[in-house]
Amino acid sequence: MRRSRAFIPTTKEAPSDATLPSHIFLARAGFITQVAAGLYNYLPLAKRVIRKIENIVNEEMAKVGAQEVELSFVTPADLWAESGRIEKFGKELLRFKDRKNNLFVLGPTHEEMMVDLVRNRVTSYKNLPLNLYQIKTKFRDEARPRFGLMRGREFIMKDAYSFHASTEDLDREFEAMEAAYKKILTRLGLDFRVVEADSGAIGGSGSKELMVIADSGEDTIAICSKCEYGANIEAASRSARGSIPEAPEADFNKFLTPDTKTIDELAEFFKVDPYYTVKCVAKRVVYEDESEIVLFFVRGCDNLQEVKALNATEALDIVDVTEEELKEIGLEPGFIGPLDQAKAKHVIDSDLKGATNMICGANEDGYHFIGVNMSILDDVAYFADIAEVNEGDICPYCDGELSFTKGIEVGHIFKLGTTYSKPLKAEFLDENGKSQPFIMGTYGMGISRLVASVIEQHHDESGCIWTKETAPYMVNIMISNIKDEAQVEAGETLYEQLQNANVEVMLDDRKERFGFKMKDAELIGFPYTVIVGKELVDGNVQLFDRATKTKESMSVAAIFDKLMELI
RNA sequence: CGGGGUGUAGCUCAGUAUGGUUAGAGUACCUGGUUUGGGACCAGGGGGCCGAAGGUUCGAGUCCUUUCACCCCGACCA
């Protein structure tokens, strides 16, 4: 491509609302333009990068036997009513009516559509397993789209769906897909981690997220210092503590503790480690038609993990409560303890099961119990893992320590089981001629988010640094002075040579100054730029490496072979 | 959906407290010239329903009302 003919509107200044490097540079370098909140146009350079990522995805999917399809973007609302997700998704589903007044939604994900496609067409175990995928625009009417391509309303996702006759076969496919996803991210040149994840509303027996490591990531992940363990903080677990602080030995007693409402005050009052205190976090949990106050108890040194808490209650949502609401049902904020089970439902963190020498609220203004042995609650209380892991906690699988890092969720794979096949009545006949719902898996990967992720990990102050597998063009030939006929000729010759060798090459033949064109090349981030300039009088050109920003001189005769060797 | 902010040239922004010539700068763009190794210089030029609607006023980018859009923090996020 000739730069003089290319549609690459680069700018010196970034849009004022861009904060992430990926957003700033993709906009400045002429890859994307914003249309409305969460909506972007992909310009020629972006389109090329997207196609490269898609090609890699297609190659890896082919290797695991997945077949590409493309389902309609506009989907009948009926299907969403059938699965029950028309309510669950709520406003994120963009709904509209056609001229015949039928209700449709823009597809935010395609479980329903894919199940509908397969049901009644695949009807025998003999035709299983089956893995179908597509790469397609999705639309979710997010309350707050942000960060450029990172969280758009319209985005490109690769979504795969697998159908099986047994959970064992699903397990096999799940592992194969995880391996394929790792391969894709490795090929893209990304530093990532596969972590255990909360399965959320979609349900199923397990899920993993593929996280690209980046400070700008919206998710916090806990990773082990020794082994492969990693988990989204929403799902992270830990081993029992290695070193336990010295216990405050005391007989069970009620103790006057005026004005000690917080854990800090309580620990200070008794001079004990917060480990031996019981923290109460009161929340209102919301079900479909009703809501109630639930008291969550964790050790004073821990915090409540709300996603875990939500899972423990099987509610739809968890919201805060006010002190007034607590007082209304006879609770004493600051002094709430687990020994009174009458006023509200309790959920106690499993780490407190059987704990001894504990201090907890006495449900009476100004009093705490000391010397509490939690095992008296074993038969009456509901225990669940609801505490958030802390940095420094021990890995659940080895003796390594957990530390936190930020990640961008670029993939999420689920073992769905029959979550969708059952309500949608998608069944096959097994060996015994018996009707069974499909055992399913679903595997998502954010293609447009991957574009942004590459730049989050590969950029510097000058702009983008595309990896070889993602670069829109591998080589940029920059003719320093377009009025110098010798330079033009040398540049054109190399351009033709590289094109004939099927190298993706850009020829910067614009009538601009050297500095302008270099800045532009750095901003766009071509892996290599050949500078045809002042050294040509000695028969030399320079090879500029974008990643290292170094220039190397070599003869005109040698440059072609050198490039072919590098790419 | 709560809280906050911003809408003026393609882009980044002044101007709005206190209403008053023909609405500005930088950048980008066009023409001519000089220049050609790190986003050049000189000269000339095109480009605006000052987000939209209504109102107050002799007069509104500026004041009032309504509305829309976009952004930020939070909630939400298969």
Side-chain angles (χ1 to χ4, degrees), chain A residues 9-20 23-24 27-30 33-39 80 83 85 88-93 107-114 138-148 150-153 155 157 159-161 197-204 207 209 218-219 232 234 286 306-307 310 316-320 409 411-414 416 419-420 440-446 449 462-463 478-484 487 510-524 529 531-537 541-542 544 549 551 553:
Chain A
T10 58
T11 60
K12 214 182 225 178
E13 279 176 289
S16 53
D17 47 52
T19 51
L20 294 192
H23 189 185
I24 292 170
R28 279 193 55 207
T33 61
Q34 183 171 10
V35 179
L39 305 181
W80 296 86
S83 71
R85 284 212 290 184
K88 240 181 222 170
F89 257 105
K91 287 190 169 176
E92 263 186 50
L93 281 182
T109 173
H110 276 195
E111 278 81 11
E112 284 83 353
M113 288 285 286
M114 201 62 88
K138 299 288 185 290
F139 192 92
R140 293 179 192 176
D141 201 357
E142 295 258 6
R144 190 150 99 80
R146 57 190 126 167
F147 302 144
M150 208 62 94
R151 179 177 290 282
R153 292 144 92 201
F155 57 97
M157 183 164 85
D159 45 326
Y161 307 84
D198 173 57
S199 291
I202 199 166
S207 80
E209 288 168 332
E218 295 186 76
D219 291 279
N232 192 307
E234 295 171 351
V286 183
E306 287 205 20
V307 172
L310 185 64
L316 292 176
D317 198 8
I318 282 193
V319 296
D320 291 342
E409 182 191 343
H412 199 161
I413 56 179
F414 290 85
L416 279 182
T419 317
Y420 292 89
M440 292 180 59
T442 181
Y443 318 87
M445 183 168 257
R449 189 177 276 186
S462 304
M478 197 269 267
I479 298 171
S480 178
N481 183 355
I482 202 73
K483 285 187 177 170
D484 183 323
Q487 288 184 17
R510 291 174 300 174
K511 185 182 172 297
E512 295 287 351
R513 293 163 66 89
F514 178 87
F516 182 90
K517 289 194 272 199
M518 279 304 286
K519 290 277 190 212
D520 221 39
E522 284 171 0
L523 178 60
I524 293 168
T529 291
I531 302 169
V532 184
K534 65 182 181 186
E535 293 188 7
L536 190 65
V537 291
V541 293
Q542 283 165 303
F544 176 77
K549 280 189 161 180
K551 291 174 195 155
S553 296

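This structure is a prediction, so every number in the text was calculated from the model and none was measured. Chain A is the first sequence line, chain B the second, and so forth, proteins listed ahead of strands; every chain is numbered from 1.
Residue contacts shown for A/Asp17 are limited to sugar-phosphate atoms, with no base heavy atom under 4.0 Å away. As judged by a 4.0 angstrom heavy-atom cut-off over every strand, A/Ala143 is placed among the base-contacting residues. Using a 4.0 Å heavy-atom cutoff across all strands shown, A/Ser480 reaches at least one base atom of the nucleic acid. Using a 4.0 Å heavy-atom distance criterion, A/Glu209 is classed as making no nucleic acid contact. Residue contacts for A/Asp159: at a heavy-atom cut-off of 4.0 Å it reaches no nucleic acid atom on any strand shown. Here A/Lys551 lies in heavy-atom contact (under 4.0 Å) with a base. A/Glu112 comes within contact range of no nucleotide atom at all, as no heavy-atom separation falls under 4.0 Å. Backbone-only engagement by A/Gln34 is indicated by non-hydrogen atom pairs under 4.0 Å involving sugar-phosphate atoms exclusively. Here A/Arg28 lies in heavy-atom contact (under 4.0 Å) with a base. Using a 4.0 Å heavy-atom distance criterion, A/Pro15 is classed as a sugar-phosphate-only contact.
Pairing partner, B/C29: B/G45, with both Watson-Crick or wobble hydrogen-bond distances short of 3.5 Å. Summarising the base pairing, B/G2 is matched to B/C73 through a Watson-Crick or G-U wobble pair whose two defining distances lie under 3.5 Å.
If you take atom C1' in B/U22 and the same atom in B/U67, they sit 31 Å apart, rounded to whole Å. B/U35 sits 11 Å from B/C42 when the C1' atoms are compared, rounded to a whole Å. Taking atom C1' on both B/C29 and B/G74, the two are 42 Å apart, rounded to the nearest angstrom. Spacing of C1' atoms, B/G26 relative to B/C68, comes out at 30 Å, to the nearest Å. A distance of about 16 Å separates the C1' atoms of B/U27 and B/C41, rounded to the whole Å. One P atom belongs to B/G51, the other to B/U12, and the distance between them is 15 Å to the nearest Å.
Protein atom NZ of A/Lys511 is 15 Å distant from nucleotide atom C1' of B/G39, rounded to whole Å. For the pair A/Ile479 CD1 and B/G37 P, the computed distance is 15 Å after rounding to whole Å. Rounded to an integer number of Å, the gap from A/Glu92 CD to B/C1 P is 13 Å. A/Ile482 has its CD1 atom 17 Å from the P atom of B/A40, to the nearest Å. In this structure, NZ of A/Lys12 is placed 12 Å from C1' of B/C11, rounded to the nearest angstrom. To the nearest angstrom, C1' of B/U36 lies 5 Å from CZ of A/Arg513. Distance CD1 (A/Ile318) to P (B/G74): 20 Å, rounded to an integer number of Å. The separation between A/Arg144 atom CZ and B/G2 atom C1' is 12 Å, rounded to whole Å.
Note on A/Thr11: every side-chain N or O is 4.0 Å or more away from OP1 and OP2 of B/G10. Within the 4.0 Å cut-off from OP1 or OP2 of B/G38, not a single side-chain nitrogen or oxygen of A/Lys517 is found.
Taking for each of A/Met518 and A/Arg449 the nucleotide of RNA chain B with the nearest heavy atom, the 5'-most of the two is the partner of A/Met518. Across the interface with RNA chain B, nearest-nucleotide mapping of A/Phe155 and A/Glu13 shows A/Glu13 to be the residue nearer the 5′ end.
Ring-to-base geometry does not place A/Phe516 in a stacked arrangement with B/G39 (centre distance under 5.5 Å, plane angle under 30° required).
Residue A/Lys549 places its NZ atom among more than 12 non-hydrogen atoms of other residues, nucleotides or ligands, all under 6.0 Å distant.
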